[in-house]
Amino acid sequence: MEPKIKETAWNPEIEKQILKQWEDSGIYKFNPQGEVFVIDTPPPYPSGRPWHIGAAAHYAQIDMIARTARMIGKSVLFPIGIDRNGLPVEMYTEKKYNIRMRETDRTEFLKLCATALDDLESEMIHIMKNLGLSGNFSEYYRTDSEQYRALTQATFIELWKKGLIYIANRPNNYDWITGTTIADAEITYEEIPTKLVYMKFKIKDSDKVLIIASTRPELLCACQAIIVNPEDERHVYTIGKSVIIPIMNREVQIRTHPSAEKEFGSGAVMVCSYGDQNDVALFRELKLREIVAIGKNGRMTEAAGLYAGLKVKQAREKITEDLQNQGLVEKVESINHRTPISERSKAPIEIIPMEEYYLKQKESVEKIKELSSKIIFHPTMHKQILTNWLESITIDWPISRRRFYGTEIPIWYCKKCSEPHIPEPGKYHRPWKDPSPISKCTKCGTTEFVGEERTFDTWMDSSISPLYVSKYGRDEEFFKKTYPAAIRPQSKDIVRTWLYYTILRCEQLTGQTPWNEAWIMGYGVDEHGTKMSKSKGNVIDPLPIIQKFGADTFRFWSASEINLGYDFRCSEQKIETTRKFLSKLWNISRFLSGFPVIKSAKTTPADNWILSELDKVVSECKRGFYDYNFFIPSTSIREFTWNLFAAHYIEMVKGRAYSSSFSEEERDAAIFTLHKVLSTLLLLLAPITPFITDHLWQTLYSDKTIHKEMFPQQEDHEDWTRFTKPITEFNSNVWNKKKEQNLSLKDSIDIDIPDELQQFAKDLQAMHNLKSR
RNA sequence: GGGUUCAUAGUCCAGUUGGUUAUGACGUCGCCCUUACACGGCGAAGAUCCAGGGUUCGAAUCCCUGUGGACCCA
């Protein structure tokens with residue numbers, strides 16, 4: 001029989017036809033029947049080219065989750081979204097057009113941002129489609145759409161009515177480059193070289209001086225206390241006394257506090273508003289009066305006297321110089337200081353008192369701990385990231401931002417008495433340009449209003465993604481069926497932001513967990529194990545790789561390289577060698593395509609042996625799929641296919657399949673078994689490599705797609721796996737002997753078959769052309 | 001300073017509840033067109049399982065201490 005498959009290698013070009021077939025037939029369309037499985041897909045942020053290869057690998061795996069769920073019989077809702085709110089696009093736009101956000105007309109600026117996003121977004125959609133994602137592309141959502149933003153605002157209004165929102169003037173993390181308050185979660189720390197200045201403070205009514213070391217001498221004007229450690233004997237005599245602040249010539253008291261480290265500088269520390277978070281705590285604890293030394297423009301305020309108007313860094317240099325000139329400096333040390341910086345703009349954070357909106361979260365922590373104990377984490381170890389974060393929450397969440405490209409905070413203030421008013425939920429509100437929907441102030445009766453200009457922290461938008469995809473507030477019936485979602489897949493670096501905020505918000509709004517399971521992935525790093533970043537120039541663009549090797553190669557690489565939860569290395573060379581496996585699978589199929597499909601047969605010992613090994617693979621795969629860990633099925637399938645099925649079984653039964661000296665029954669058993677194994681492998685591989693498996697399935701076994709099939713079950717064959725080692729060893733032994741004797745593999749040789757393998761004798765004899773005796 | 005995590009051939013990785021000779025892949029070297037596949041086949045070389053100690057008849061595996069790396073938090 002002529003093989004149906006002619007080509008000797010898998011051609012990734014075929015993927016395009018298959019993609020079209022899927023699209024035309026709509027096989028992945030969500031049908032809310034039966035057991036529903038909703039994936040809270042992370043909407044990627046279009047932050048610029050190229051898209052990170054790790055992200056592409058990540059989405060390939062999320063698709064495997066979707067396909068796995070389908071193959072165990074669930075109705076899968078796999079939404080596709082794009083996250084479009086926030087700072088990066090504003091910065092991208094400022095740079096691209098060389099403009100300043102605050103100096104540009106707001107409407108105009110927003111338009112430019114949206115255009116930039118459209119552009120970047122289309123490439124991501126293109127990659128996601130070409131990766132073979134079985135998601136809902138026809139209804140992909142954007143977090144900046146009117147509908148999405150209306151939901152963000154509606155949930156805010158709901159929380160406002162529940163009394164969970166308040167406004168407060170507090171020291172806040174402030175990023176003066178982007179001109180906005182940021183949350184703790186958006187801060188990173190970097191070792192930055194700086195000067196540690198040892199300043200001389202004169203002790204009042206004494207001729208002694210106290211040395212105080214600080215990296216922030218420009219904050220002398222905001223110094224309200226000096227603290228020393230109560231156990232520090234060097235300073236006991238100073239406690240309760242006052243010192244004169246150099247340059248400022250103002251008196252402050254010396255007090256004791258355990259947070260003053262004896263080892264730091266001289267052991268005495270100045271407490272200023274605000275050098276760091278510890279200062280904030282001390283001001284509160286010691287009930288000090290704050291002095292605002294740094295303004296929103298990142299410059300010193302009037303409180304700084306001579307130094308008013310200077311940028312923080314300039315003021316630091318100038319005051320250090322002045323102190324030195326006046327002999328008030330003992331010494332200056334160069335150190336590396338762990339400095340909090342804004343994750344986005346890289347500006348050093350200043351702590352400045354500002355009026356912002358807060359969402360209460362402290363009182364929810366216990367409830368969230370309880371809820372999160374019900375969420376199954378894959379892998380379990382990453383639950384710890386959430387637990388640690390929950391332990392460290394000390395303040396409520398500041399949710400207002402002084403930016404443009406975000407969801408507007410829907411509030412109008414009475415022009416006369418400033419009373420805030422919120423509109424009706426359901427509509428998208430833009431208070432900075434829309435007329436007030438409120439006609440009369442509830443407090444003073446005035447009819448004129450001023451719209452709020454600020455926007456929300458972007459996590460306010462993204463933290464309701466499970467509510468959005470479940471049509472919360474839009475379609476009660478649909479919501480009931482699809483919420484909570486089944487699973488949240490995401491990467492581990494945003495556990496304390498996206499994952500946490502989603503649980504928080506969903507708990508406050510629905511009282512339930514947003515999902516039953518969370519699936520946490522590591523980062524993609526380069527081939528040397530270092531993090532990829534544009535500045536290092538080690539970013540790998542996934543698009544050319546997918547085009548060159550095909551999506552299935554990329555996907556199989558992703559599955560077999562990424563062990564769930566751990567960081568993974570990305571190298572083109574490794575992806576390239578993965579292609580060989582698909583080629584192997586293709587050629588096995590090509591060989592089998594020359595034989596008819598036989599539905600049942602009376603199997604021989606050799607057949608029973610491989611079927612029993614196949615059973616083992618099925619159960620291994622099940623274990624992996626159950627944990628959404630595709631490393632397990634992909635590697636166990638590859639090893640079985642290559643090293644047992646192709647290398648040993650196929651070689652053993654070739655003679656029987658071609659039926660030279662075997663009975664028809666024996667031949668049919670071989671052909672039956674070959675197809676049984678291959679079709680099982682195709683089903684097991686379908687979620688991982690959907691293209692090649694569908695193509696082969698339709699070529700060999702069915703006129704329908706493989707993606708409507710169910711996973712194969714274990715068949716509980718009698719366990720023949722004890723023969724695996726003897727068989728493979730015997731074969732190796734024969735090959736070695738032939739090599740030693742310089743014989744070709746088809747040459748005849750005289751070797752005894754060991755007793756334990758007698759039941760396989762006929763196949764082995766044909767395979768090696770053993771001399772019969 | 002606290003936490004999470006990792007440490008196995010030149011490289012990457014497996015090793016399930018402790019049990020003979022430590023898995024597989026890439027790479028390297030040698031031989032080979034054997035009618036599915038040269039994107040292939042066969043073979044070979046290559047590992048003090050980070051160090052030290054403990055538990056045990058027996059440790060890559062469990063416990064302790066240390067070293068080094070990655071990431072997170074203060």
Side-chain angles (χ1 to χ4, degrees), chain A residues 3-12 184-185 187-189 259 261 263 276-278 281 338 340 379-394 491-496 520 522-523 525 527-531 549 553 557 560-563 565-571 573-595 619-620 623-624 631-632 634-636 638-640 642-647 650-651 654-655 657-658 660 674 678 725 729 731-740 742-747 767-769:
Chain A
K4 269 196 210 165
I5 299 171
K6 304 271 185 289
E7 306 77 14
T8 58
W10 161 244
N11 179 5
D184 288 353
I187 295 175
T188 60
Y189 291 82
S259 71
E261 284 175 47
E263 293 73 26
D276 56 27
Q277 282 298 343
N278 193 39
R338 202 161 170 282
T380 3
M381 67 174 179
H382 284 332
K383 190 172 200 162
Q384 197 59 40
I385 303 174
L386 176 64
T387 310
N388 291 349
W389 180 241
L390 288 171
E391 292 302 329
S392 66
I393 289 170
T394 53
S491 85
K492 71 178 183 192
D493 54 338
I494 49 175
V495 168
R496 64 191 174 116
I520 313 291
Y523 313 110
V525 296
E527 53 191 319
H528 308 292
T530 44
K531 215 172 169 172
F549 305 120
T553 298
W557 163 77
S560 61
E561 187 72 19
I562 302 176
N563 207 345
Y566 294 92
D567 293 352
F568 54 96
R569 301 194 180 210
C570 306
S571 87
Q573 190 244 326
K574 274 222 152 170
I575 297 171
E576 183 167 6
T577 52
T578 311
R579 185 172 49 157
K580 291 181 178 180
F581 173 68
L582 298 190
S583 183
K584 194 77 198 174
L585 187 68
W586 178 267
N587 278 296
I588 289 169
S589 306
R590 190 165 91 100
F591 169 61
L592 282 200
S593 74
F595 300 101
S619 76
E620 267 291 278
R623 182 167 75 87
F631 182 85
I632 294 171
S634 58
T635 50
S636 79
R638 181 173 54 195
E639 280 186 30
F640 168 82
W642 213 315
N643 300 336
L644 286 181
F645 185 51
I650 292 183
E651 294 303 329
K654 235 182 218 172
Y658 285 130
S660 41
L674 286 166
L678 179 62
K725 216 173 167 197
E729 274 173 3
N731 289 337
S732 260
N733 186 26
V734 175
W735 288 323
N736 256 326
K737 287 264 162 58
K738 286 193 175 178
K739 182 152 279 224
E740 278 167 25
N742 237 338
L743 292 170
S744 148
L745 286 179
K746 61 183 172 188
D747 289 341
M767 173 186 187
H768 296 296
N769 194 9

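Here is how names work: the chains are called A, B, and so on, in the same order as the sequence lines, proteins then strands, and each is numbered from 1.
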Within the 4.0 Å heavy-atom criterion, would you say [X] contacts the bases, only the backbone, or no part of the nucleic acid?
X        : value
A/Glu620 : nothing
A/Ser560 : nothing
A/Ile385 : nothing
A/Asn563 : sugar-phosphate

Taking atom [atom1] in both [N] and [M], compute the distance separating them and give it to the nearest angstrom.
N     : M     : atom1 : value
B/A74 : B/G27 : P     : 45 Å
B/G41 : B/A25 : P     : 10 Å
B/U16 : B/A22 : P     : 16 Å
B/C50 : B/U5  : C1'   : 16 Å
B/U17 : B/A9  : C1'   : 28 Å

Any side-chain N or O of [X] under 4.0 Å from OP1/OP2 of [N]?
X        : N     : answer
A/Lys654 : B/A36 : yes
A/Tyr658 : B/A36 : yes
A/Trp10  : B/A36 : no
A/Ser732 : B/G43 : yes
A/Lys584 : B/G41 : yes

Provide, to the nearest angstrom, the distance between the [atom1] atom belonging to [X] and the [atom2] atom belonging to [N].
X        : N     : atom1 : atom2 : value
A/Lys383 : B/G3  : NZ    : P     : 20 Å
A/Leu582 : B/G40 : CG    : C1'   : 15 Å
A/Glu561 : B/G24 : CD    : C1'   : 13 Å
A/Leu678 : B/A36 : CG    : C1'   : 11 Å
A/Lys746 : B/G41 : NZ    : P     : 18 Å
A/Arg638 : B/A14 : CZ    : C1'   : 11 Å
A/Phe581 : B/C26 : CZ    : P     : 13 Å
A/Ile562 : B/C13 : CD1   : P     : 12 Å

Among the candidates B/A36, B/A70, B/C39, find the nucleotide nearest to the side-chain atoms of A/Arg579.
B/C39
First encountered from the 5' end of RNA chain B, between A/Arg623 and A/Lys492
A/Arg623
Between A/Tyr523 and A/Phe631, who's closer to the 5' end of RNA chain B by nearest nucleotide?
A/Phe631
Are any side-chain N or O atoms of A/Trp586 and backbone N or O atoms of A/Glu7, one a donor and one an acceptor, separated by less than 3.5 Å?
yes
Donor-acceptor pair, distance only, cut-off 3.5 Å: does the side chain of A/Asp567 make one with the backbone of A/Gly522?
no
Once the angle between the rings of A/Tyr658 and A/Phe595 is folded into 0 to 90°, is it parallel (under 30°), tilted (30 to 60°) or perpendicular (over 60°)?
tilted
Can you say whether the rings of A/Phe581 and A/Trp642 are parallel (under 30°), tilted (30 to 60°) or perpendicular (over 60°)?
tilted
Salt bridge flag under 4.0 Å for residues A/Arg623 and A/Glu620:
yes
How does each nucleotide of nucleotides 27-33 of chain B score, in 5' to 3' order, for protein heavy atoms under 4.0 Å: base (B), sugar-phosphate only (S), or none (-)?
---BB--
Polar pair under 3.5 Å, donor/acceptor by atom type, side chain A/Lys574, base B/C26:
no
Is A/Lys6 atom NZ crowded by more than 12 heavy atoms from other residues, nucleotides or ligands, each under 6.0 Å away?
yes
Report the secondary structure of RNA chain B in dot-bracket form, marking unpaired bases with a dot and bases paired to a different strand with |, and treating Watson-Crick or G-U pairs with both distances under 3.5 Å as paired.
(((((((..(((......[....))).(((((.......))))).....(((((..]....)))))))))))).
